[in-house]
Every structure is written in structure tokens, then in C-alpha cells.
Colleague: 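To start, I am sharing the structure in question, which I have written as C-alpha cells.
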2 protein chains.
Amino acid sequence: MRKQSIMPVLYSVAILVFCVGCTTTPGAHDPLPSWNDGPAKRCILDFVLAATAKNSPEFVPGEQRIAVFDNDGTLWVEQPIYPQISFAIAQVMTTAPQHPEWQSEEPFKAVVTNDRDTIARFNIKDFEKIIAATHSNMTVEEFQNEVTGWLAAAEHPRFKRPHTELVYQPMLEVMRYLRAKGFKTYIVTGGGQDFVRSFADGIYGVPPEQVVGSVGKVRYDYGRDGRPVLVKLPEVILLDDKTGKPEGINMMIGRRPVAAFGNSNGDRQMLEYTQAGTGARLMMLVHHDDAEREYAYGAESKVGTFSDELMTEARQRNWGVISMKKDWKVLFPWQDGATPDGRANVDGQRSGARRGTPALAASG
Amino acid sequence: MRKQSIMPVLYSVAILVFCVGCTTTPGAHDPLPSWNDGPAKRCILDFVLAATAKNSPEFVPGEQRIAVFDNDGTLWVEQPIYPQISFAIAQVMTTAPQHPEWQSEEPFKAVVTNDRDTIARFNIKDFEKIIAATHSNMTVEEFQNEVTGWLAAAEHPRFKRPHTELVYQPMLEVMRYLRAKGFKTYIVTGGGQDFVRSFADGIYGVPPEQVVGSVGKVRYDYGRDGRPVLVKLPEVILLDDKTGKPEGINMMIGRRPVAAFGNSNGDRQMLEYTQAGTGARLMMLVHHDDAEREYAYGAESKVGTFSDELMTEARQRNWGVISMKKDWKVLFPWQDGATPDGRANVDGQRSGARRGTPALAASG
């Protein structure tokens with residue numbers, strides 16, 4: 001296996017063109033009612049037809065129907081700061097009394113003294129330290145209970161709603177539609193796997209075993225009562241971002257996906273890897289170009305970077321680019337016009353997802 | 001989280017006694033026809049009833065029905081040498097011409113010169129070196145093609161049959177029965193994940209995404225034609241044995257199993273971890289006590305060690321111990337008396353498992 005160059009050459013396997021010049025006849029029932037008619041919606045409908053119609057030359061057998069979704073910025077709002085970072089900062093505040101050393105030790109000092117200027121300049125290493133400190137030395141169950149408790153109380157600074165209500169209604173419809181067509185939907189996130197598993201079933205209908213994320217090491221141990229537990233350690237086994245996404249997919253799923261949705265440079269390799277298989281393929285990127293209803297951000301963003309280079313690659317490879325502004329009629333399930341059962345689970349994957357809101361509270 | 005002792009104290013949560021003094025009324029259809037009536041068979045039937053009957057106090061909701069199975073010695077024959085080791089040795093022979101240094105470098109020298117005495121004294125480090133050398137520097141797909149090719153040709157030294165036919169018919173029946181009752185069946189093996197995924201769907205009806213095994217690192221790269229591929233590296237991320245089994249289960253599944261089957265010291269923590277949940281539980285160990293029909297081995301064995309200490313723990317914790325000699329009417333699907341559809345998949349998990357033999361050839 002020779003490595004040819006850092007930037008991939010456009011590979012020679014046939015790139016199937018779904019996203020250009022197709023016509024659709026949605027018929028009586030529209031599975032994607034929150035999507036405006038346009039190339040992005042056509043992309044999805046044409047792909048599903050090509051993958052599932054018995055006589056399709058690009059038919060994909062049922063067991064190979066794997067669809068992967070990035071989380072932050074693809075399924076829920078990631079601006080102005082990743083929700084997991086907000087959680088970690090809240091955890092620092094909560095546990096600060098047990099850590100007097102944080103009063104003088106950065107990056108913790110900035111958090112406990114609420115030094116917003118310094119926090120605004122935090123780099124990835126600072127966040128890694130905060131996550132390592134707040135996501136370890138407790139059992140996986142204890143950690144997930146803390147996440148659930150935080151999510152029930154925390155509010156988005158702009159929308160004044162829980163993060164669990166800031167999920168994109170159009171994407172919920174895509175997940176539901178794909179599941180109805182025999183796809184297994186997975187989340188493949190750079191976020192912490194234990195973190196996202198705390199809420200993915202409740203808000204997306206994606207059970208824990210279908211959440212692939214960044215993985216921390218755990219230690220098998222016996223609790224106070226001798227009961228076996230897994231204790232989280234501050235050591236990363238898999239950073240599920242960029243090249244880590246196909247690596248994580250191979251580790252956790254062991255199949256090449258057929259459809260992949262992302263929104264940033266961190267999803268590039270996942271989409272490339274998906275496209276390189278045979279049969280119908282769907283690769284799509286959510287572009288946040290809607291400052292009025294949500295946010296508009298690109299290369300200069302601190303989170304969810306969508307570089308000009310990524311946009312160029314998307315055009316070259318015929319990946320679908322979803323314009324939040326043009327393609328989505330509504331953004332969130334609680335907005336006027338959103339279908340009420342958008343988050344219902346209809347795939348028979350034994351998910352615990354519940355109808356209606358608040359979804360997370362009902363998910364236990 | 002305080003660590004109390006190396007050996008766990010018997011923890012205080014109620015240990016449910018399924019395996020002692022139960023009576024069964026199998027009724028007209030026997031889901032386990034290859035099992036003799038006895039405590040092991042009763043264990044399984046009573047567990048399924050307790051977990052699935054709507055009015056059962058130990059009812060387990062559908063999405064939590066996770067059953068985990070060790071592979072070597074639990075689902076297929078592991079003596080006189082793990083099949084994966086046989087494969088690795090075959091790979092050394094095949095690729096030796098490209099490695100002149102192996103002529104003088106142990107442990108490879110012993111293999112290429114067929115020095116059986118030295119091979120018989122190999123320790124785990126020797127095998128690790130052989131596996132690292134033969135399971136890397138190729139794509140995951142190339143590796144799995146090599147496994148499939150080897151399995152189609154290799155023969156067990158005693159039974160003169162492919163390894164894929166040396167799967168235990170009674171265990172195939174258990175897997176099929178659990179799937180029919182809404183369980184998701186997973187393999188949790190100390191063997192290589194990519195190795196076991198090559199055949200698990202074909203012979204057990206367990207798809208790749210439900211195989212948890214020892215994981216090697218991969219590198220995302222672009223092949224000769226620019227096509228994205230994953231290249232196997234000689235570096236282990238997870239050793240899925242002993243404490244690594246609950247760790248791997250948490251990483252890959254994210255739920256505590258309800259039922260666990262093993263056969264050796266390497267499965268101890270997986271069974272402990274399974275038992276420590278609430279609701280109906282099933283923990284079982286296959287005991288190889290049948291030298292006439294298969295093998296009899298225990299503490300002194302080089303593979304699949306089942307120590308006296310493990311047997312003591314099994315008795316204390318009320319784990320079911322399966323006597324191959326007493327509990328199993330037949331061992332393999334091709335023997336007289338085995339039900340022909342023993343390996344059929346009936347769980348609706350979109351598995352590619354086929355009926356009849358040879359199963360692997362049919363699995364593509």
C-alpha cells in the first residue's frame with residue numbers, strides 16, 4: 001500500500017452522480033416535509049430509490065445499509081460553543097471546591113474565576129485538559145447520570161432552550177426515512193462516546209450500540225460493594241475525528257457506510273471513505289449559512305470549520321451541500337410547521353426513543 | 001471509586017438463582033434439541049422465561065436484551081491450537097520468501113524451518129510477534145480475503161474438517177433461540193476482531209457490527225488508485241480478554257449484557273460484569289470434559305485455561321457450568337442427530353447467514 005500524496009487524487013472508481021439534474025416525483029406522501037424542494041432534497045430521495053429499488057443497478061442489500069451522521073453541527077446546534085465543552089466547564093465549576101489547586105492552575109483558573117477573555121482564547125489543548133479532568137475518575141454510569149442531569153438544566157444562550165431541543169427537524173426526518181427504508185443509522189462523532197450515548201436514544205432514536213465517538217480508556221474495577229464497574233480514565237483510545245472517523249467506523253461497525261452526513265473538515269475522510277464503496281452512495285454536508293435563524297460560519301469559525309478547500313472537494317466529488325437557509329423550511333421540532341412525530345422511531349431497531357417533547361426527560 | 005481487593009468480594013446485589021432446583025416444561029417444541037435435559041438446559045430455558053415473560057419480576061426490555069458469547073472454545077473448537085494462530089503460522093510460511101531475515105530470527109525461524117519442538121514452547125510474546133507481522137501492512141479488506149481463503153482450505157488436524165464446521169451445534173441453537181426471543185447476539189472474543197468478522201456472519205449469523213474482539217490500529221490512507229482504504233498496523237488498541245472484555249463491551253456496545261457465555265479464565269470478568277446488572281441474568285461456562293468426542297482440558301492447558309479457581313467462583317456465584325460430555329447430545333452440525341437448520345438465522349437482524357453447509361462458502 002503506497003501512499004501517493006497527502007491530498008488525495010480524485011480516485012478512479014466511478015463517482016455516481018445523484019445530486020445533479022435528477023427529477024423527483026415524491027408522490028402523495030412526502031417523507032421530508034421540512035425540506036424545500038431543491039437539489040439537496042432530490043439528492044436524498046434519489047439515493048434512497050437507487051439503493052432500495054429491487055431492479056436498481058446500484059441496489060444495496062439490507063445488511064449493508066449503514067448510514068452515518070456526525071452530531072455537532074449536523075444533528076444539533078454546535079455554536080457558539082460545543083455543548084460538551086459547556087458541560088465540562090459546568091463540571092469544573094461544580095467540582096472546584098474539591099480542587100483548590102485549580103485556583104492557580106490554567107486552564108481551570110480561568111473557568112473558576114469566570115475569566116471570559118481567557119476562556120475565549122482557549123485552544124484544543126486547554127479543552128482536552130478540562131475534559132480529561134471532568135470526564136474521569138467516576139464510573140461510566142455516574143458520568144452519564146451527570147450528563148443527563150446537566151442536559152435537563154442547561155439552556156442554550158441564544159435560544160433559551162435545552163440543547164436536546166436544538167436538534168434539526170430536517171435531519172430527524174432523514175434519519176427516520178432511512179430507517180424506514182431498512183438503514184441502520186449511526187452517529188459518528190468527534191464528541192465523547194459516553195457523552196453522546198447519554199442522550200442519542202432519547203432525542204435521535206439512535207441506541208448506544210450505534211453511537212461511535214471519541215473513546216476514553218476505562219478500568220474494570222470493583223465498587224465499594226464489590227459490584228463490578230468501569231471507571232473512566234483520562235486517556236484517549238480513539239479520537240474520532242478526521243481520519244479517526246473511518247478508523248472508528250471500522251472498529252465499531254466493520255462495514256463501509258453507504259450514506260454519510262457531516263458539516264465540517266472533521267467529516268471529510270468519513271465522506272471520502274463512504275464514497276469509495278460500490279453501489280448507491282450518499283455524501284452530504286450541512287452548510288451553516290443562516291445567521292438569521294441559526295448561525296453562519298465557515299473557515300474562520302472556532303468550531304465546525306467548513307473550509308473553502310472542503311467546499312471545493314465537495315463540488316469536485318459531487319457531494320451534496322445542504323444550505324440551511326435555502327433547503328430547510330424549519331430548523332427545530334418545536335417551530336411552527338414542524339411535523340410533530342419528527343423524532344419518532346420507526347425502524348424496529350428496538351430503540352427507546354419516545355414521541356413528543358421533551359424527548360430526553362422521557363428517555364430515562 | 002476505591003479498589004478493595006484484587007479478588008472481588010461477593011457483592012451485595014441479589015444474585016438470582018436460576019440454575020438450581022428449577023423445573024421445566026419444554027412443551028411441544030424444544031428450542032434446544034441438541035441439549036440433554038439437565039441443569040444447564042434448564043438454566044437457559046428458565047432464564048429466557050424470566051427475561052421475556054411480560055409478568056416476570058425480572059423482565060428485561062427488548063432494547064436491553066444483549067447476549068455475549070466468547071468464540072474460541074465456546075462457539076468453536078480451540079484445541080489443539082487457536083485457529084487464528086494456525087492462520088498466522090500459515091501466513092508466515094506464505095510470506096517467508098519476502099522475509100529472508102526470518103531464516104535466522106525467532107520466532108519466525110522455528111516456523112519457516114518447521115521446528116515443532118520450538119513452536120510447542122512458544123509463549124504469548126512469540127505469538128504476538130507472529131500476529132503483528134502477519135496481520136499488518138495490508139488493508140482490512142485484503143486481510144479478510146486472506147482469512148476467508150485460508151478457512152476454505154485449512155483442515156483441523158484431528159477432525160479433518162474446516163474450522164468453520166467445528167462449531168458447536170448446541171451453542172448455535174442457544175444463539176438462534178435467544179435471537180428468536182428478541183436478543184441481540186454479540187461475539188466478544190480475545191481473538192482479532194477483523195479475523196472473526198471474516199466468518200462470524202456466515203457461520204453464526206452474527207454480523208460484523210456485533211463482533212467485539214481485540215482491535216489493532218489502522219491508518220486511513222489512499223490506495224494506488226487514490227481510493228480511501230484502511231491499512232492494518234502492528235499496534236494493539238484493545239486486548240479484548242479478561243478485564244478487556246467488559247472494557248470492549250462498553251466501548252462497542254455501551255450496554256451491560258444480560259447473558260454471557262464463556263469457557264475460560266479470560267471470560268471471568270465478562271461474566272461478573274454481566275451478573276452485576278438488574279433483572280434476569282444468565283452466566284454460563286462451557287467445560288471441556290469430553291476427551292472422547294472433543295477434548296478434556298483444564299488448568300494445565302496452554303489454551304482456554306479453565307482454572308480450579310474459576311470453577312470455585314462459578315459455583316459461588318451460581319454460574320451455570322455446561323458439561324460437554326453430559327449436556328450435549330451432539331457437538332457439531334454435521335453429526336447424526338443434529339438439526340439441519342441449526343445455524344439458520346431467525347432474528348431479523350439482517351444477517352447474511354445462510355442455511356445448510358458449507359456455511360462459509362455461501363456467505364461470500
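Bear in mind that the values here come from a model prediction, so they are computed numbers and not experimental data. To find a chain, count down the sequence lines: A is the first, B the second, and so on, and within it residues start at 1.
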Colleague: Measuring heavy-atom distances to chain B, does A/Gln269 have an atom under 4.5 Å in its side chain, in its backbone, in both, or in neither?
Modeller: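 Both backbone and side chain.
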Colleague: Applying the side chain to side chain contact (heavy atoms under 4.5 Å, CB included) test to A/Met252, which of A/Asp240, A/Val188, A/Val212 qualifies?
Modeller: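 Of A/Asp240, A/Val188, A/Val212, side chain to side chain contact (heavy atoms under 4.5 Å, CB included) with A/Met252 is met by A/Val212 alone.
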Colleague: Among A/Gly244, A/Pro246, A/Gly213, which residue has the highest count of heavy-atom pairs closer than 4.5 Å to chain B?
Modeller: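 Option with the top pair count is A/Pro246.
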Colleague: Heavy-atom pairs under 4.5 Å with chain B: which of A/Lys245, A/Lys242, A/Arg197 has the most?
Modeller: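 Max contact count across the listed options: A/Arg197.
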Colleague: Give a yes or no answer on whether the side chain of B/Gln84 reaches the backbone of B/Gly192 with a donor-acceptor pair at less than 3.5 Å.
Modeller: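 Confirmed, B/Gln84 side chain pairs with B/Gly192 backbone.
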Colleague: Report which part of A/Val218 has an atom under 4.5 Å of a heavy atom belonging to chain B: side chain, backbone, both, or neither.
Modeller: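 For A/Val218, the contact with chain B is made by backbone and side chain together.
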Colleague: Whether the B/Tyr186 and A/Glu209 side chains hold a donor-acceptor pair (N or O, under 3.5 Å, no angle test) is what I'd like checked.
Modeller: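 The answer is no; no qualifying pair exists.
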Colleague: Report the option among B/Val215, B/Leu230, B/Thr243, B/Ile66 that has the most heavy-atom pairs separated by less than 4.5 Å from atoms of chain A.
Modeller: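 Option with the top pair count is B/Leu230.
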Colleague: Given that the side chain runs from C-beta out, which part of A/Lys217 has a heavy atom under 4.5 Å from chain B: side chain, backbone, both or neither?
Modeller: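 Interface part for A/Lys217: side chain.
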Colleague: Can you name the ring-ring contact (aromatic ring centres under 6.0 Å, His included) partners of A/Phe143, sequence neighbours left out?
Modeller: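 With sequence neighbours excluded, A/Phe143 shows a ring-ring contact (aromatic ring centres under 6.0 Å, His included) to A/Phe87, A/His135, given in chain and number order.
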Colleague: Which residues pass the salt bridge (Lys or Arg N to Asp or Glu O under 4.0 Å) test with A/Glu141, not counting sequence neighbours?
Modeller: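 By the salt bridge (Lys or Arg N to Asp or Glu O under 4.0 Å) rule, A/Glu141 matches A/Arg227, B/Arg256.
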